[in-house]
Amino acid sequence: MALLVQKYGGSSVGNLDRIHHVAGKIIQAKQQGHDVVVVVSAMYGETDRLIQLAHALTHQPDPREFDMLISTGEQVSMSLLAMALNAKQCPARSFTGPQLGIHTDSTHTKARILEVKTDIIQRELNHGRVVIVAGFQGRNEHGDITTLGRGGSDTTAVAIAAAIKAHECQIYTDVDGVYTTDPHLLPKARLLPQISFEEMLEMASLGAKVLQMRSVELASKHSMPIRVLSTFSEGQGTLVTFEDKIMDKRLVSGIAFSREEAIVSLSGIPRQIGIEGCILGKISQAHIEIDMIAQNTTAQNTIDFTFTVQRREYPKALKIVEELGKELGAISVKTNAKIAKLSLVGIGMRSHTGVATTMFQALGDAKIPIQMITTSEIKISVVVDETHLEQAVKAVHEAFELDKAHKPQLQIAIE
Ligand code: ADP
Ligand code: ASP
Ligand code: MG
């Protein structure tokens with residue numbers, strides 16, 4: 001008998017048939033003797049619908065009211081699931097995040113969980129009931145509802161699992177687990193039986209939305225194993241765990257990508273010391289986060305300075321840079337919002353060289369121009385034109401033979 005936290009995502013509770021199906025899975029776990037705490041997302045598309053409603057009304061919704069609105073989707077699915085379970089003679093009760101005692105900081109729309117109270121969960125489990133919790137929400141010190149950022153139900157599940165010391169946090173979704181890349185983009189992608197916290201953290205932060213980044217961070221901090229599984233088919237899914245527990249160690253594990261960035265570049269700025277700090281300072285004063293940065297000096301002794309920002313913040317960044325360009329005497333300001341970032345992730349990169357060469361050669365052979373590059377210990381990211389993304393993922397996936405199950409990849413790249 002185990003204590004399990006199961007989280008069901010939006011598509012898993014997307015309609016009443018699916019809610020019945022999920023109820024059946026929970027009953028199965030109960031019949032196997034497990035205690036189950038369930039976290040649910042809003043029904044598929046509901047959070048997007050609520051966000052659109054708010055934006056149709058006003059360009060800048062009040063953050064408190066915005067969270068009040070977008071947190072409602074989860075309350076619908078949690079109560080429907082509890083009703084479905086009760087109708088099948090399986091006692092269940094649903095709770096909102098604030099009701100349960102999920103305390104967060106006050107950053108509306110991307111709040112962090114500070115504390116999870118466990119007394120209600122314990123009481124309900126002692127009564128033999130399934131506890132169903134609305135994901136994605138909590139309450140701040142003022143008693144207001146907060147939300148945890150898109151995909152935040154994953155983080156609710158991990159935070160509860162850590163607080164009640166569950167055996168495993170199971171994330172049920174619409175794919176069989178974590179793949180070498182998004183299987184909806186590349187059907188040849190391979191299901192990974194295991195992946196390390198570190199790699200999963202990189203994958204999530206670089207665009208693989210199968211797990212919210214903060215959920216992986218939290219799981220690693222509390223040594224809470226996460227298992228990503230399909231709601232709709234049987235299987236072992238993917239276990240996210242510590243590096244030393246990974247059996248099949250590979251040079252690279254996966255490819256993440258994001259279409260959510262835009263490039264801004266200033267060319268021909270007369271050279272002067274401190275110019276970089278001046279440009280970045282203006283951008284960060286406007287609370288715009290910068291991701292990648294590249295700079296080079298031209299033969300004319302001027303500077304070309306390029307960076308990427310979140311696509312939704314790009315009009316704001318462009319306005320600032322246009323003004324700055326005039327002030328600094330830049331020759332031109334260019335932007336491109338139709339780019340994509342592709343990242344290759346693998347802990348094997350720490351100790352093996354040649355990964356970047358193989359990646360760049362693969363992109364070169366596929367005639368895909370690289371616009372920017374950044375690297376860190378376990379990842380290499382490149383920016384390409386958005387129209388090249390699919391082809392680029394395919395080329396890199398093939399170059400590292402990521403579709404093959406037992407390739408001893410650690411040997412091929414030693415130079
Ligand atoms: P849920 O609604 O269940 O939370 P999400 O849409 O947030 O589901 O996450 C699941 C989706 O993540 C998949 O349908 C898939 O398209 C996408 N995804 C991106 N990268 C990966 C990957 N490497 N492995 C599996 N799924 C991925
Ligand atoms: N419903 C929220 C969203 O769509 C939270 C989640 O699904 O995890 O982002
Ligand atoms: Mg999700």
Side-chain angles (χ1 to χ4, degrees), residues 6-14 18 22 39-52 66-67 69-78 97 109-111 113 133-138 146-159 169-195 199-216 226-233 235 237-238 240 252-260 340 342-346 389 393 396-397 402-403:
Q6 298 188 333
K7 176 252 169 179
Y8 291 92
S11 46
S12 308
V13 293
R18 290 187 172 189
V22 166
V39 174
V40 285
S41 289
M43 292 167 85
Y44 183 78
E46 179 61 7
T47 310
D48 287 339
R49 188 184 73 87
L50 295 167
I51 292 173
Q52 275 165 17
F66 189 69
D67 271 354
L69 175 72
I70 67 169
S71 60
T72 58
E74 273 70 13
Q75 200 168 332
V76 173
S77 44
M78 73 174 197
T109 75
K110 43 184 173 209
I113 295 178
V133 187
F136 180 54
Q137 54 175 262
T146 52
T147 63
L148 310 177
R150 297 309 303 267
S153 300
D154 298 334
T155 305
T156 305
V158 172
C169 181
Q170 302 180 334
I171 305 286
Y172 282 93
T173 185
D174 60 350
V175 289
D176 288 347
V178 180
Y179 283 75
T180 47
T181 191
D182 188 342
H184 288 129
L185 184 97
L186 189 72
K188 259 182 108 176
R190 190 175 55 88
L191 179 67
L192 295 165
Q194 297 174 319
I195 186 167
E199 286 169 316
M200 193 61 237
L201 194 62
E202 287 283 359
M203 293 277 282
S205 74
L206 295 163
K209 67 171 183 162
V210 60
L211 286 174
Q212 197 198 33
M213 190 180 108
R214 277 186 186 166
S215 72
V216 186
I226 301 181
R227 190 177 291 276
V228 182
L229 300 141
S230 165
T231 306
F232 309 107
S233 57
T238 303
V240 189
V252 295
S253 286
I255 301 168
F257 55 86
S258 158
R259 293 186 179 91
E260 281 163 23
L342 176 157
S343 309
L344 185 64
V345 175
L389 177 65
V393 170
V396 177
H397 203 270
L402 288 175
D403 56 324

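Just so it is clear, the structure is predicted and the values come from calculations on it, not from any experiment. Indexing begins at 1, ligand by ligand and atom by atom, following the structure's order.
The nearest protein atom to atom 27 (C) of ligand 1, hydrogens excluded, is given as Val210 CB, 3.7 Å; this is a heavy-atom distance. If you check which protein heavy atom lies closest to atom 7 (O) of ligand 2, you get Ser41 OG, 3.0 Å. In terms of protein heavy-atom proximity, atom 3 (O) of ligand 1 is closest to Thr173 OG1, 2.7 Å. Considering only non-hydrogen protein atoms, atom 25 (C) of ligand 1 sits nearest to Gly177 O, 3.3 Å. Ranking the protein heavy atoms by distance from atom 5 (P) of ligand 1 puts Lys209 O, 4.2 Å first. In terms of protein heavy atoms, atom 2 (O) of ligand 1 is closest to Gly10 N, 3.2 Å. In terms of protein heavy-atom proximity, atom 4 (O) of ligand 1 is nearest to Lys7 NZ, 3.0 Å. Looking only at heavy atoms of the protein, atom 11 (C) of ligand 1 is closest to Asp174 OD1, 4.0 Å. Shortest contact from atom 17 (C) of ligand 1 to any protein heavy atom: Asp182 OD2, 3.7 Å. Shortest contact from atom 3 (C) of ligand 2 to any protein heavy atom: Arg150 NE, 3.4 Å.
Few gaps surround CZ on Phe232; more than 12 heavy atoms of other groups in view lie less than 6.0 Å from it.
Checking side-chain atoms of Gln137 against main-chain N and O of Ser71 turns up a donor-acceptor pair under 3.5 Å. No donor-acceptor pair under 3.5 Å is formed between the side chain of Ser253 and the backbone N or O of Val345. Under a 3.5 Å cut-off, the side chain of Arg214 and the backbone N or O of Gly152 do not form any donor-acceptor pair.
Geometrically, ligand 1 and Tyr179 share a nitrogen or oxygen pair separated by less than 3.5 Å. By the 3.5 Å distance cut-off applied to N or O atoms, Asp154 is not counted among the residues near ligand 2. Considering backbone and side-chain atoms together, Ser12 places no N or O closer than 3.5 Å to any N or O of ligand 1. Any N or O atom pair closer than 3.5 Å counts here, and His184 shares at least one such pair with ligand 1.
For Thr181, every heavy-atom contact with ligand 1 shorter than 4.0 Å involves the backbone, none the side chain. Under 4.0 Å from ligand 1, the heavy atoms of Pro183 that appear belong solely to its side chain.
The OG atom of Ser41 sits 5.5 Å away from atom CD of Glu74, with the distance rounded to the nearest 0.5 Å. A distance of 6.0 Å separates CZ of Arg259 from CG of Leu185, quoted to the nearest 0.5 Å. To the nearest 0.5 Å, atoms OG (Ser215) and CE (Met200) are separated by 7.5 Å. In this structure, CG on Asp154 lies 13.0 Å from CE on Met213, to the nearest 0.5 angstrom. Separation of atoms CD (Glu199) and CD (Glu202) is listed at 9.0 Å; rounding is to 0.5 Å. A distance of 10.5 Å separates OG of Ser233 from CG of Asp174, quoted to the nearest 0.5 Å.
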Before giving the answer on side chain to side chain contact (heavy atoms under 4.5 Å, CB included), spell out for Thr47 and Phe136 the whole-Å C-alpha distance, their side-chain angles and the decisive distance to 0.1 Å.
-> CA-CA 10 Å; Thr47 310; Phe136 180 54; 4.1 Å; yes

*Could you please spell out the steps behind the side chain to side chain donor-acceptor pair (under 3.5 Å) verdict for Thr147 and Asp67?*
CA-CA 6 Å; Thr147 63; Asp67 271 354; 2.6 Å; yes

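Nearest to atom 8 (O) of ligand 2 by heavy atom, out of Ala157, Ala134, Ser153, is Ser153.
Using 4.0 Å as the threshold, Gly135 has no heavy atom nearer than that to any atom of ligand 2. Contact annotation: Gly151 has at least one heavy atom less than 4.0 Å from an atom of ligand 2. Ligand 2 lies less than 4.0 angstrom from a heavy atom belonging to Glu74.
Atoms of ligand 1 lying under 4.0 Å from at least one heavy atom of Val178, given by number and element, are 24 (N).
Looking only at side-chain heavy atoms (C-beta outward), Asp403 and Thr180 stay at 4.5 Å or farther from each other.
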